[in-house]
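From a predicted model like this one, the values you see are computed outputs, not experimental measurements.
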Amino acid sequence: MADDKALTTREADFSAWYNEIVQRAELADYSPVRGSMIIRPYGYGIWENMQRALDDMFKATGHQNAYFPLFIPLSFITREAEHVEGFAKEMALVTHTRLIKDADGTLVPDPASKLDEPLVVRPTSETIIYDAFSRWVQSYRDLPLLINQWANVVRWEMRTRMFLRTSEFLWQEGHTAHATEAEAEEEATRMLGVYREFQDDWLALGVITGVKSPAEKFPGADRTYSLEALMQDNKALQCGTSHMLGQNFARQFDLKFQAESGQEEYAWNTSWGVSTRMVGGVVMTHGDDSGLVLPPRVAPIQVVIVPIYRKDEERTLVLEKAEFVANALRAERVRVHIDARDSMKPGPKYYEWERKGVPMRIEIGPRDVAAQKVMTVMRTEWTGGDRKEAMDETAAITVIPKRLEDYQRFLLKRSIERREAASHRGIDDYDAMRTIIEGDGGFVYSGWCGSEDCERKVKDELKATIRVLPSEEFRSPDQPQQCVVCGGASQAEAVWARAY
RNA sequence: CGGGACGUAGCGCAGCCCGGUAGCGCACCUGAAUGGGGUUCAGGGGGUCGCGGGUUCAAAUCCCGCCGUCCCGACCA
């Protein structure tokens, strides 16, 4: 494996730094098809840990998993006007089902096999799911219907970046139907809360939440709630969305039920999703110039043990101790890996595992075995103690799981501190906003009159958008009174930033 | 699709200007020593030089065409 020492630094070129980490931490690889990516085992392991945690949370809130088809009739997509318009420019279509040899012997689509109606490769599944729901729901007793699916989706992108924007990506999409608007609204905000908890507790991403402006909302939704994180280059990353769909899809797909009153009514829907993009968010939030930094809860390997020895006798002795410590930690549900590769010296192993973001390393050498100690080293400097610490080997078994949790909390705290340090509140002057956006970047909190023209102007001139109209928790103590763009009366506080 | 750069071994590159049959570093394989923060020595394997055509005795190198990738702009989880 080629491995030319140091990474490009974040300072020198954040984008190059990111690309190098993705490659060199073996998260993903390029594929022969532009815009699609191969997720390698280590990267997929992170995603699996995310999936497991989220799936448990979805089940705990009453949802069931199902699977809906990849192919959607084109006519379904076109039924909801705003929905088609939103996705029209990035749709992959299946139009033929056979190949045939032309005059030159080249394989081409067989004209005779052309489909009467093209099939869309799902960019999202609202249409096909609510069509199914319409057949499953007759009475208010069938509601609420709380479904989730884990799937891949395709949105044909012009410019792609590993994990952050690829033409195909993995995600989960929750889809629910409710008898009342209030219930649907409650569901949409509940799931926003679930994501928030997940991103805080598992990914250590200090996100802010809020509602999207009409221009930025999901096509077909009444309202879109979103979670936004700030990366180390001070650009925002949308980390998840939860949509209140109202009755828009229910009307188009005839999703009706008989209410308690006997009246026939359209159901109220929500949909919500998070994707493999979060892996990119974790990289850009926690990573440093030595490589990836993973929060312990989603790290495929939480502790790597590097045995140190010279002679064969030492090797046997040290590996035996390593196995013992590893098994004791595994009994505490710590994910441990012993790097017993004989062809590599300890130093290079340290660099490799640091590059891959493993939260803690344990070094065990002959001297440690004799003293019944182990040397622990955290991935980064942190506030919970010294980075390197010799521990009594029995104490280590109980201390390490706690230490990993402490480290997890440290990462969240650091992420929130960085976010707040790059958040500029009470900006009521357009030039001041310009200076920030065109300078160091970050979140700009301002007043907004609610007009799309003002929003458009900022997007055109500064390439920044309203990330969210923040939830109460994130609003500034002193609410701005005027729109930062036009000076008109402010309707709501807005958070602006350049975004991925 | 507009502007720019680049395609030579797994990765990073040199060679091209001035044509002579492919090289360096890392990685990989074998052996020995080494081993608490990027080890050393010896030996070795691996390349349709992006693709197609042209010029030439001879093309990685010169000419024409195509394809692809990356970066910058317009769309986006």
Side-chain angles (χ1 to χ4, degrees), chain A residues 1-8 13 15-16 19-20 23-24 26 29-35 85-91 122-124 151-173 195 212 215-219 221 224 226-229 236-243 271-281 290-291 306-312 314-315 318 341-355 361-371 373-375 377 387-388 390 459-460 463 465 467 499-500:
Chain A
M1 172 92 28
D3 201 13
D4 293 316
K5 313 281 149 123
L7 288 161
T8 299
D13 186 343
S15 196
N19 290 336
E20 284 176 29
Q23 290 281 316
R24 291 178 52 189
E26 297 179 354
D29 201 356
Y30 292 100
S31 93
V33 178
R34 175 192 154 74
E85 204 188 320
F87 287 106
K89 280 163 284 182
E90 48 186 15
M91 218 114 74
R122 65 176 162 225
T124 181
N152 58 337
V153 285
V154 169
R155 299 178 186 178
W156 214 260
E157 296 288 350
M158 320 196 77
R159 274 189 70 194
T160 58
R161 310 245 356 237
M162 292 274 205
F163 290 108
L164 303 174
R165 173 157 296 104
T166 47
S167 288
E168 179 189 4
F169 58 90
L170 305 184
W171 77 346
Q172 70 48 229
E173 47 181 324
Y195 288 154
K212 287 286 187 186
E216 295 282 329
K217 75 176 172 60
F218 176 77
T224 290
S226 170
L227 304 98
E228 300 278 330
L237 183 73
Q238 180 174 308
C239 291
T241 47
S242 180
H243 314 293
S271 68
W272 27 275
V274 291
S275 72
T276 40
R277 172 181 253 198
M278 292 187 295
V279 176
S290 304
V306 178
I308 291 151
Y309 51 83
R310 293 161 209 257
K311 312 181 189 81
D312 276 354
E314 285 179 349
R315 183 172 191 275
V318 159
R341 285 175 296 179
D342 206 17
S343 57
M344 210 187 274
K345 295 212 313 176
K349 289 182 183 178
Y350 300 164
Y351 284 103
E352 178 171 330
W353 294 114
E354 281 170 9
R355 195 163 51 244
R361 170 175 84 235
I362 298 179
E363 304 167 9
I364 302 178
R367 295 204 294 270
D368 302 308
V369 175
K373 286 190 176 298
V374 295
M375 177 61 78
V377 185
R387 184 170 173 227
K388 294 195 182 190
K459 189 171 184 179
D460 291 344
K463 288 182 273 179
T465 49
R467 302 318 303 160
Y500 276 96

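- Two residues, A:P346 and A:E157, neighbour RNA chain B, and the one matched to the more 5' nucleotide by heavy-atom proximity is A:P346.
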> Run the salt bridge (Lys or Arg N to Asp or Glu O under 4.0 Å) check on A:E228 and A:K212 step by step: do they pass?
Replying inline: CA-CA 10 Å; A:E228 300 278 330; A:K212 287 286 187 186; 2.8 Å; yes

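- The partner of B:C75, taking Watson-Crick or G-U wobble pairs whose two distances both stay under 3.5 Å, does not exist in any strand shown.
- Going from the P atom of B:A14 to that of B:U40 covers 25 Å, rounded to whole Å.
- B:C1 and B:G15: their C1' atoms are spaced 36 Å apart (whole Å).
- Whole-Å rounding puts the A:R24 CZ to B:G10 P distance at 18 Å.
- Both geometric conditions, a ring-centre gap below 5.5 Å and a plane tilt below 30°, are fulfilled for A:Y351 over the base of B:G38.
- Within the structure, a side-chain polar atom (N or O) of A:K463 is placed less than 4.0 Å from OP1 or OP2 of B:G73.
- When rounded to the nearest whole Å, the span between CZ of A:R310 and P of B:U39 equals 15 Å.
- We find that the ring of A:F169 and the base of B:A77 stack, their centres lying under 5.5 angstrom apart and their planes tilted less than 30°.
- A 3.5 Å limit on both hydrogen-bonding distances identifies B:C29 as the Watson-Crick or G-U partner of B:G43.
- Remark: C1' of B:C11 and CG of A:N19 are 15 Å apart, rounded to the nearest angstrom.
- The base-pairing partner of B:C70, taking Watson-Crick or G-U wobble contacts with both distances under 3.5 Å, is B:G4.
- Distance noted for atom P between B:C16 and B:C29: 34 Å (whole Å).
- As a whole-Å value, the separation of A:W353 CH2 from B:G38 C1' is 16 Å.
- Side-chain atoms of A:D342 lie closest to B:G35 of the nucleotides B:G35, B:G37, B:G36.
- Partner assigned to B:C24 is B:G12, using Watson-Crick or G-U wobble distances below 3.5 angstrom.
- We find that CH2 of A:W272 is positioned 19 Å from P of B:A77, with the value rounded to whole Å.
- Rounding to whole angstrom units, CD of residue A:E20 and P of B:G12 are separated by 10 Å.
- Note: CG (A:D13) to P (B:C70) measures 15 Å, nearest angstrom.
- The side chain of A:K89 has B:C75 as its nearest neighbour among B:C75, B:A77, B:C71.
- Of all heavy-atom pairs between A:S167 and A:E157, the closest is OG-N, 3.2 Å.
- Contacts of A:G365 with the nucleic acid, taken as non-hydrogen atoms under 4.0 Å apart, include base atoms.
- Regarding A:M344, its CE atom lies at a distance of 16 Å from the P atom of B:G37, rounded to whole Å.
- Across every strand in view, B:A58 sits unpaired, with no contact that passes the Watson-Crick or G-U test at under 3.5 angstrom.
- When Watson-Crick and G-U wobble pairs are counted only if both distances are under 3.5 Å, B:G38 pairs with no nucleotide at all.
- Residue A:R361 places its side chain closer to B:G37 than to any other of B:G36, B:G37, B:A77.
- If you check every strand for non-hydrogen atoms under 4.0 Å, A:E168 touches nothing.
- With a 6.0 Å cutoff to the six-membered ring centre and a 45° limit on the axis angle, A:R361 counts as a cation-pi contact of A:Y350.
- For A:R355, counting side-chain heavy atoms from C-beta on, the closest listed nucleotide (B:G36, B:A77, B:G38) is B:G38.
- Comparing the P positions of B:C6 and B:A22 gives a spacing of 26 Å, expressed to the nearest Å.
- Taking the six-membered ring where tryptophan is involved, the planes of A:W272 and A:Y195 are perpendicular, since the angle between them exceeds 60° and thus also 30°.
- Of all nucleotides present, none satisfies the Watson-Crick or G-U wobble test against B:G19 with each distance under 3.5 Å.
- Side-chain to base pairing of A:E363 with B:G37: no donor and acceptor N or O lie closer than 3.5 Å to each other.
- With both ends at atom C1', the span from B:C62 to B:U55 equals 8 Å, rounded to whole Å.
- You'll find that the side chain of A:P348 is closest to B:G38, out of B:G37, B:G38, B:C71.
- No contact: A:T160 has no heavy atom under 4.0 Å from any strand.
- Nucleotide B:C49 forms a pair with no other nucleotide shown, judged by Watson-Crick or G-U wobble geometry with both contacts under 3.5 Å.
- Among the nucleotides B:C70, B:G37, B:G36, the one closest to the side chain of A:Y30 is B:C70.
- In this structure, the nucleotide among B:G36, B:A77, B:G37 sitting nearest to the side chain of A:R387 is B:G37.
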